[in-house]
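Notes for the one structure printed next.
By convention here, the first residue in the shown sequence is residue 1.
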Amino acid sequence: MSKCKYSGSIRGEKYSPLHIDTNTIQGSYYFGDILEVFKELVPRYDGKIQLIYMDPPFFTGQTFRYQQPIGIKGWMGDKDHVISHVAYIDRYEKEVFFNMMKEVFFYVHRLLSNEGCLYVHIDYRTSAYLKIMLDDIFGEDNFLNEIIWHYRSGGRAKRHFSRKHDNILFYRKSKDYYFNIDAVGVPRGLDKRNNMKKNIDGNGRIYWSIRSAGKEYKYYADDKIYPSDVWDDIPHLHQKNPERTGYDTQKPEKLLERIILASSRPGDLIADFFAGSGTTLAVAQRHGRDWIGVDNSIFSLHTCRKRLLKNSIYNNIEFLYHNEYMEYDTIFVKNHSLIESDGKFYRLSITKLIEDIDTIDYWSVGYELEGIYNGISYSMRTVTSPEIAMTLTLNRNAIDKDGDICIHTVDVYGNQAFYKLKEE
């Protein structure tokens with residue numbers, strides 16, 4: 001095999017999983033520093049984002065990790081085949097951290113639509129500081145709730161009361177904000193309540209009743225109960241939860257589902273500027289919302305790519321790089337044995353390119369055009385599918401006539417490479 005470094009550069013990736021001809025991008029992930037990415041987002045999305053959820057660093061001083069399974073054994077649960085990577089270090093100078101967050105909030109306020117809302121997920125370490133900052137930028141009148149997310153997981157403190165909640169600060173952009181509490185209500189159900197009596201009305205509806213001060217109160221089983229500002233019905237993700245991606249700080253999808261359903265509609269644009277494992281993006285995608293994600297961790301990029309492609313119902317998803325944060329190889333390969341063709345399809349083999357297949361966690365085939373890699377067919381390791389395909393098929397008609405056939409690989413160490421191929 002002959003190969004050499006390619007002089008061009010890959011600026012990002014684009015995927016069209018449903019193979020439908022459309023130019024509408026419904027999901028954009030930006031890999032880079034958030035303050036640098038804002039310079040690109042403001043001209044494009046100024047006043048257009050309906051909902052922004054942010055789970056910024058908690059100022060804990062801790063190092064948070066990403067657990068990467070290796071090969072089939074790792075994805076089947078063998079702990080000896082797992083690498084623990086540093087996802088991010090939550091350690092900042094206080095002044096630097098709060099100056100950064102103040103700048104982030106200024107951009108967030110500008111990007112939100114007049115109907116838009118912001119949810120900032122934090123804890124006791126920074127909630128007081130950030131609330132004062134947000135009151136100043138959004139206005140005290142636009143503060144709606146401090147939501148308490150109470151959970152029961154974790155250890156028990158002996159020298160103080162155990163800390164078992166996070167804070168979510170909820171702000172609106174203006175009085176014209178959109179909010180639909182009915183979208184997150186749940187039926188009251190058939191469980192007996194206090195000393196109430198079960199009844200059935202003339203229309204066959206079940207209700208519970210109680211008399212007080214000579215008046216009868218009725219509570220129908222199919223009426224909805226709405227969440228208060230204390231959310232104790234959404235548990236933390238346990239270690240064996242199938243949602244788990246390997247990210248230490250991953251939040252449950254039910255938490256984001258409540259926020260997204262209450263504060264947006266299908267077709268609205270949602271953003272998460274500390275995307276992490278991609279929970280916001282995955283839930284937005286599942287419920288028919290467009291999305292923007294931003295993060296500067298290479299493991300966030302790789303985790304979100306797999307998560308979003310695996311669950312995608314969308315036509316077009318893109319991942320855009322800010323080059324100072326991207327480390328990868330672009331390699332030109334001239335080797336006829338890599339490509340088998342029957343005139344209509346190409347068949348490409350990963351085994352003829354990579355010797356140690358266990359190190360490959362994801363790979364895809366497509367083409368490169370004007371610095372963008374267009375992925376057509378891909379294979380990834382997951383809990384339910386720990387093996388990857390050894391060959392992938394590429395329809396000749398799916399390739400732009402000016403594009404070059406390309407293989408994209410991501411290994412268990414976080415490295416990615418693009419191989420541009422040419423038939424001999």
Checking ring pair (Phe, Tyr, Trp, His ring centres under 6.0 Å) against H408, which of Y15, F418, F319 comes through?
-> F418
Which atoms form the tightest heavy-atom contact between I298 and G414, and what is the distance?
-> CG1-O, 3.6 Å
Kindly indicate, with the supporting measurements, whether the criterion side chain to side chain donor-acceptor pair (under 3.5 Å) is fulfilled by S162 and R156.
-> CA-CA 6 Å; S162 296; R156 294 291 181 267; 4.9 Å; no
Side chain N99, main chain K102, donor-acceptor under 3.5 Å | no
For L118 against V108, the heavy-atom pair lying closest together | CD1-CG1, 3.9 Å
Expected output: side-chain Y247 to main-chain S300 donor-acceptor under 3.5 Å = yes
What closest approach, in Å, do I10 and Y321 show between heavy atoms, and which atom pair accounts for it?
-> O-CD1, 3.4 Å
If you draw the axis of the six-membered ring of Y362, does the NZ or CZ of R381 fall within 45° of it and under 6.0 Å from the ring centre?
-> no
So how far is it from I122 CD1 to M101 CE, rounded to the nearest 0.5 Å?
-> 8.0 Å
Classify the ring geometry between F299 and H302 as parallel (under 30°), tilted (30 to 60°) or perpendicular (over 60°).
-> perpendicular
With a 6.0 Å cut-off on ring centres, are Y171 and F105 close enough?
-> no
Looking only at non-hydrogen atoms, find the nearest pair between F143 and E146 and report the distance.
-> CZ-N, 3.4 Å
Whether H238 side chain and K240 backbone form a donor-acceptor pair below 3.5 Å | yes
Mind checking the CD-CG spacing from E368 to N374? Nearest 0.5 Å is all I need.
-> 8.5 Å
Stepwise side chain to side chain contact (heavy atoms under 4.5 Å, CB included) check, Q285 with L308 | CA-CA 8 Å; Q285 180 174 274; L308 294 164; 3.6 Å; yes
Got a donor-acceptor contact below 3.5 angstrom from the R172 side chain to the L144 backbone?
-> no
Which salt bridge (charged side-chain N to carboxylate O under 4.0 Å, His left out) pairs, counting each pair once, include a residue from residues 67-83, with sequence neighbours left out?
-> none
Evaluate side chain to side chain donor-acceptor pair (under 3.5 Å) for Q68 paired with D361, printing each intermediate quantity in order.
-> CA-CA 9 Å; Q68 171 66 65; D361 194 60; 3.2 Å; yes
Should I34 and N296 count as side-chain neighbours, where that means a heavy-atom distance under 4.5 Å?
-> no
Which residues pass the side chain to side chain contact (heavy atoms under 4.5 Å, CB included) test with N397, sequence neighbours left out?
-> N395
Near Y129 OH, under 6.0 Å, is it more than 12 heavy atoms from other residues, nucleotides or ligands?
-> no
May I ask you to decide if E115's main-chain N or O and K173's side chain share a donor-acceptor pair within less than 3.5 Å?
-> no
Closest approach of P235 to P252 (non-hydrogen atoms, all atoms of both residues) | O-CG, 3.6 Å
Determine the interplanar angle of the F38 and Y107 rings, folded into 0 to 90°, and report it as parallel if under 30°, tilted if 30 to 60°, perpendicular if over 60°.
-> parallel
Closest approach of M390 to T351 (non-hydrogen atoms, all atoms of both residues) | SD-CG2, 3.4 Å
For Y124, ring-ring contact (aromatic ring centres under 6.0 Å, His included) partners two or more places apart = none
Which residues satisfy the salt bridge (Lys or Arg N to Asp or Glu O under 4.0 Å) test with D182, sequence neighbours excluded?
-> K224
Those residues that, when tested against K39, pass salt bridge (Lys or Arg N to Asp or Glu O under 4.0 Å) (two or more places apart) | E36
Could you point out which residue of Y53, Y178, Y177, Y119 forms a side chain to side chain donor-acceptor pair (under 3.5 Å) with S263?
-> Y119
Sidechain-backbone polar pair: D411 side chain, Y413 backbone, donor-acceptor under 3.5 Å | yes
Measure from the side-chain N and O atoms of S174 to the backbone N and O of N114, and report whether any donor-acceptor pair falls under 3.5 Å.
-> yes
For the pair S264 and Q50, evaluate side chain to side chain donor-acceptor pair (under 3.5 Å) and give the outcome as yes or no after the intermediate values.
-> CA-CA 6 Å; S264 70; Q50 170 60 34; over 6 Å; no
Does the ring centre of W149 sit less than 6.0 Å away from the ring centre of H121?
-> yes
Yes or no on salt bridge (charged side-chain N to carboxylate O under 4.0 Å, His left out) for D268 and R289, after CA distance, side-chain angles and deciding distance?
-> CA-CA 5 Å; D268 281 341; R289 276 71 165 168; 5.8 Å; no
Could you check H322 against D33 for side chain to side chain donor-acceptor pair (under 3.5 Å), going step by step and ending with a plain yes or no?
-> CA-CA 8 Å; H322 281 245; D33 179 82; over 6 Å; no
Point-to-point distance, once rounded to the nearest 0.5 Å, from CZ of F31 to SG of C304 | 11.0 Å
Would you say P227 and I181 make side-chain contact, with heavy atoms under 4.5 Å?
-> yes
State, with a plain yes or no, whether a side-chain heavy atom of D229 is found less than 4.5 Å away from one of I148.
-> no
Would you indicate whether the side-chain heavy atoms of I399 and L394 approach each other to under 4.5 Å?
-> yes
Mark yes or no for whether Y373, through its side chain, and V365, through its backbone, hold a donor-acceptor pair below 3.5 Å.
-> yes
Apply ring-ring contact (aromatic ring centres under 6.0 Å, His included) to W231 and list each qualifying residue two or more places apart in sequence or on a separate chain.
-> none
Are more than 12 heavy atoms from other residues, nucleotides or ligands located less than 6.0 Å from atom CE of M76?
-> no
Would you give the length of the straight line joining atom OH of Y29 to atom CD of E13, rounded to the nearest 0.5 angstrom?
-> 10.5 Å
Can a cation-pi geometry be assigned to R205 and Y220, taking NZ or CZ under 6.0 Å from the six-membered ring centre and within 45° of the ring axis?
-> yes
More than 12 heavy atoms of other residues, nucleotides or ligands under 6.0 Å from OH of Y226: is that the case?
-> yes
Find the distance between OG (S113) and CD1 (I52) and round it off to the nearest 0.5 Å.
-> 9.0 Å
Donor-acceptor under 3.5 Å (R11 side chain, E370 main chain) = yes
Has the side chain of T359 got a donor or acceptor atom that lies under 3.5 Å from a matching backbone atom of V412?
-> no
Look up atom CZ in R307 and atom OG1 in T382, then write down how far apart they are to the nearest 0.5 Å.
-> 13.0 Å
